[in-house]
2 protein chains.
Amino acid sequence: MKHNNQRKLNTGISVDCVIFGFDLEELKVLLIQRKTAQKAPDSRFSLPGDLIYNDETLDEAAIRVLKELTGLENIYLEQLGAFSALDRLSKIEDKIWLESIREQPNERVITIAYFALVNLNSFHPSPANFATSASWRPIQNVTSLAFDHHEIFESAHQQLKAKLQTQPIGFNLLPDKFTLSQLHKLYEAIVGKELDKRNFRRKMIKLDIVKKLEEKQVGVPHKPSNFYEFNQKNYQKLLKEGFDNFGF
Amino acid sequence: MKHNNQRKLNTGISVDCVIFGFDLEELKVLLIQRKTAQKAPDSRFSLPGDLIYNDETLDEAAIRVLKELTGLENIYLEQLGAFSALDRLSKIEDKIWLESIREQPNERVITIAYFALVNLNSFHPSPANFATSASWRPIQNVTSLAFDHHEIFESAHQQLKAKLQTQPIGFNLLPDKFTLSQLHKLYEAIVGKELDKRNFRRKMIKLDIVKKLEEKQVGVPHKPSNFYEFNQKNYQKLLKEGFDNFGF
DNA sequence: GCAAAAGTGTTAACTGTACACCCATGA
DNA sequence: TCATGGGTGTACAGTTAACACTTTTGC
């Protein structure tokens with residue numbers, strides 16, 4: 001990779017990241033707020049993203065965006081796909097905003113979307129990160145977004161739901177030690193419906209992806225919950241194979 | 001969309017299509033052969049693809065490539081994702097070939113891959129199509145390909161396998177009328193292992209995505225097989241919901 | 001009548017689902 | 001002692017998986 005002062009931006013291709021987080025209560029997504037456009041209150045938010053450099057891969061660009069924004073590395077990150085809306089300047093605020101930050105605001109841009117899963121508890125925002133005024137929004141509150149970002153967000157959310165059915169990716173949203181209730185809550189938040197507590201626990205234990213620790217919650221005003229951690233070994237295996245599904 | 005003589009190619013973005021076909025015996029993929037490079041026998045093949053125009057979406061570009069090559073429209077087509085290999089000119093033959101067809105052969109290109117499923121029996125190649133010398137290759141024989149096309153092909157094949165587990169997409173590879181044995185053979189070809197005949201049939205029938213027709217094979221030297229067609233209604237439903245899997 | 005592929009049923013093991021009560025803790 | 005959420009078992013229904021023989025046709 002060349003040094004920064006030699007790097008050339010590719011003005012036709014960007015990456016955008018849909019970053020999901022879970023605060024043990026709600027599923028959230030990290031959005032940034034534009035500096036210039038003050039109108040249209042619900043269209044001010046957009047997904048964090050950037051044009052790519054010509055000497056970096058798409059994955060590298062996504063990792064860079066994530067690091068610049070959250071300071072985090074080694075995050076679960078997966079490409080969602082490419083989006084090519086032809087009408088991205090149909091909203092006047094988008095046009096104004098682009099003119100304020102891009103040299104060629106009218107150039108057609110293809111964006112490659114990524115979705116990322118981060119553990120909100122290991123996320124300690126430094127003020128510098130938030131100079132761009134990023135914030136976690138509950139996914140229910142995400143209505144309209146800039147450009148085609150709402151479409152991308154919806155696609156990411158759907159992918160997260162679908163993927164959870166066959167791969168144990170949800171653990172990326174939790175701290176290293178967690179309770180089964182937290183895991184349960186997370187799954188309910190993602191799939192958007194209630195799941196039977198006993199059956200859920202049974203299933204997780206039978207899949208052998210959680211390992212019971214000799215440690216319990218302290219200071220809670222109810223029976224303390226046992227902590228668990230992943231069974232990394234089995235987790236890797238399941239990541240490859242997926243869970244049993246259609247049955248071939 | 002503008003007329004052809006006004007259209008501007010985007011020299012930084014291409015689409016490549018992994019087109020699968022099934023001849024009722026084997027799973028095949030449509031590859032094109034380069035005109036110039038005669039050396040390195042097993043690296044001559046590449047995936048059909050093209051640079052995109054700036055006034056078309058990625059999906060439109062993929063549809064265009066497919067139509068130009070096969071003459072077919074209304075084909076099952078799905079985006080696989082974006083690929084951004086930085087070392088695409090590492091093979092000398094690739095470099096020579098690009099220099100012969102591109103104005104800016106050294107420009108960095110991001111490619112968006114698609115995978116397509118076509119019914120080989122409805123595919124009647126006209127000589128014009130084959131001016132580009134496309135040919136169906138059994139997937140086992142696909143070893144090395146130009147650029148990063150082998151990686152893309154592998155990814156498409158894996159996606160096809162994975163998707164078959166949860167969605168009845170295989171039907172796109174068969175003619176309107178087919179026998180359960182053909183369907184069975186197709187599934188075995190895609191997942192790459194034997195499937196129990198009785199269990200397979202039972203499952204397909206129970207899922208209610210096939211409808212028995214009052215028509216049998218004729219002229220076969222064994223008990224003639226019954227023809228079936230899809231149950232389009234149920235098919236659409238299953239496409240949306242996927243099959244039952246992790247169980248939430 | 002023979003070769004070739006079509007078509008068909010049963011059983012046992014496992015998996016999913018529905019459902020209600022007692023437990024440990026802090027206040 | 002009460003409020004809170006943690007933790008557990010059982011029975012029924014449905015699904016998967018393994019397995020072998022008879023049928024229909026052309027030659």
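Order of the sequence lines fixes the chain letters, A, B, ..., with proteins taken first and strands second; residue numbering starts at 1 for each chain. Here the structure is a predicted model, which means the values were calculated and not measured.
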Fill in: A:V220 or A:K206, whichever maps to the more 5' nucleotide of DNA chain C
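It is A:K206 whose nearest nucleotide is closer to the 5' end.
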
In this structure, how many angstroms lie between the [atom2] atom of [N] and the [atom1] atom of [X], rounded?
X      : N      : atom1 : atom2 : value
B:D196 : C:dT10 : CG    : P     : 16 Å
A:K216 : D:dT4  : NZ    : P     : 21 Å
B:F200 : D:dC19 : CZ    : C1'   : 19 Å
A:Q165 : C:dG16 : CD    : P     : 12 Å
A:K185 : D:dT4  : NZ    : P     : 14 Å
A:L180 : D:dG7  : CG    : P     : 7 Å
A:Q182 : D:dG6  : CD    : P     : 9 Å
A:K197 : C:dA18 : NZ    : P     : 17 Å

Which of the following nucleotides, [options], is nearest to the side chain of [X]?
X      : options               : result
A:P224 : C:dA6, C:dA18, C:dT25 : C:dT25
B:N199 : C:dA24, C:dA6, D:dC19 : D:dC19
B:R198 : D:dC19, C:dT15, D:dT4 : D:dC19
B:N226 : C:dG7, D:dA20, C:dG16 : C:dG7
B:R201 : D:dC19, C:dT8, D:dG6  : C:dT8
B:K223 : C:dA5, D:dC19, C:dT8  : C:dA5

Worksheet entry | Upstream residue (5' side of DNA chain D) when B:P221 and A:K212 are each assigned their closest nucleotide |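 The residue mapped nearer the 5' terminus is A:K212.
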
Fill in: Partner of B:Y228 under side-chain contact (heavy atoms from CB on, under 4.5 Å), chosen from B:K212, B:Q182, B:K177, B:E215
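Result for side-chain contact (heavy atoms from CB on, under 4.5 Å) with B:Y228: B:K212.
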
Worksheet item: So among A:L30, A:L120, A:L117, which one has a side-chain contact (heavy atoms from CB on, under 4.5 Å) with A:F20?
Response: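 So the option named by the test is A:L117.
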
Worksheet item: Has A:S225 got a side-chain N or O lying under 4.0 Å from the OP1 or OP2 atom of D:dG5?
Response: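 For D:dG5, OP1/OP2 do not have a side-chain N/O of A:S225 under 4.0 Å.
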
Fill in: Residue-phosphate contact under 4.0 Å: A:S181 side-chain N/O, D:dG6 OP1/OP2
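So the side chain of A:S181 is within the cut-off, an N or O lying under 4.0 Å from OP1 or OP2 of D:dG6.
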
Item to complete: Find the distance between NZ (A:K185) and CD1 (A:I190) and round it off to the nearest 0.5 Å.
Response: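 One gets 14.0 Å once the value is rounded to the nearest 0.5 Å.
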
Worksheet item: Got a second to check how far A:F153's CZ is from A:S46's OG, nearest 0.5 Å?
Response: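 A:F153 CZ to A:S46 OG: 13.5 Å, rounded to 0.5 Å.
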
Practice prompt. Classify the side chain of A:K203 versus the base of C:dG16 as yes if they form a donor-acceptor pair under 3.5 Å and no if they do not.
Written response: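 No such pair is found, so the answer is no.
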
Fill in: Distance-only donor-acceptor test, A:R202 side-chain atoms vs D:dT10 base atoms, 3.5 Å
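Yes, a donor-acceptor pair under 3.5 Å.
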
Practice prompt. Please examine the side chains of B:F45 and B:R137, heavy atoms only from C-beta on, and report whether any two atoms are closer than 4.5 Å.
Written response: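 A side-chain contact under 4.5 Å exists here.
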
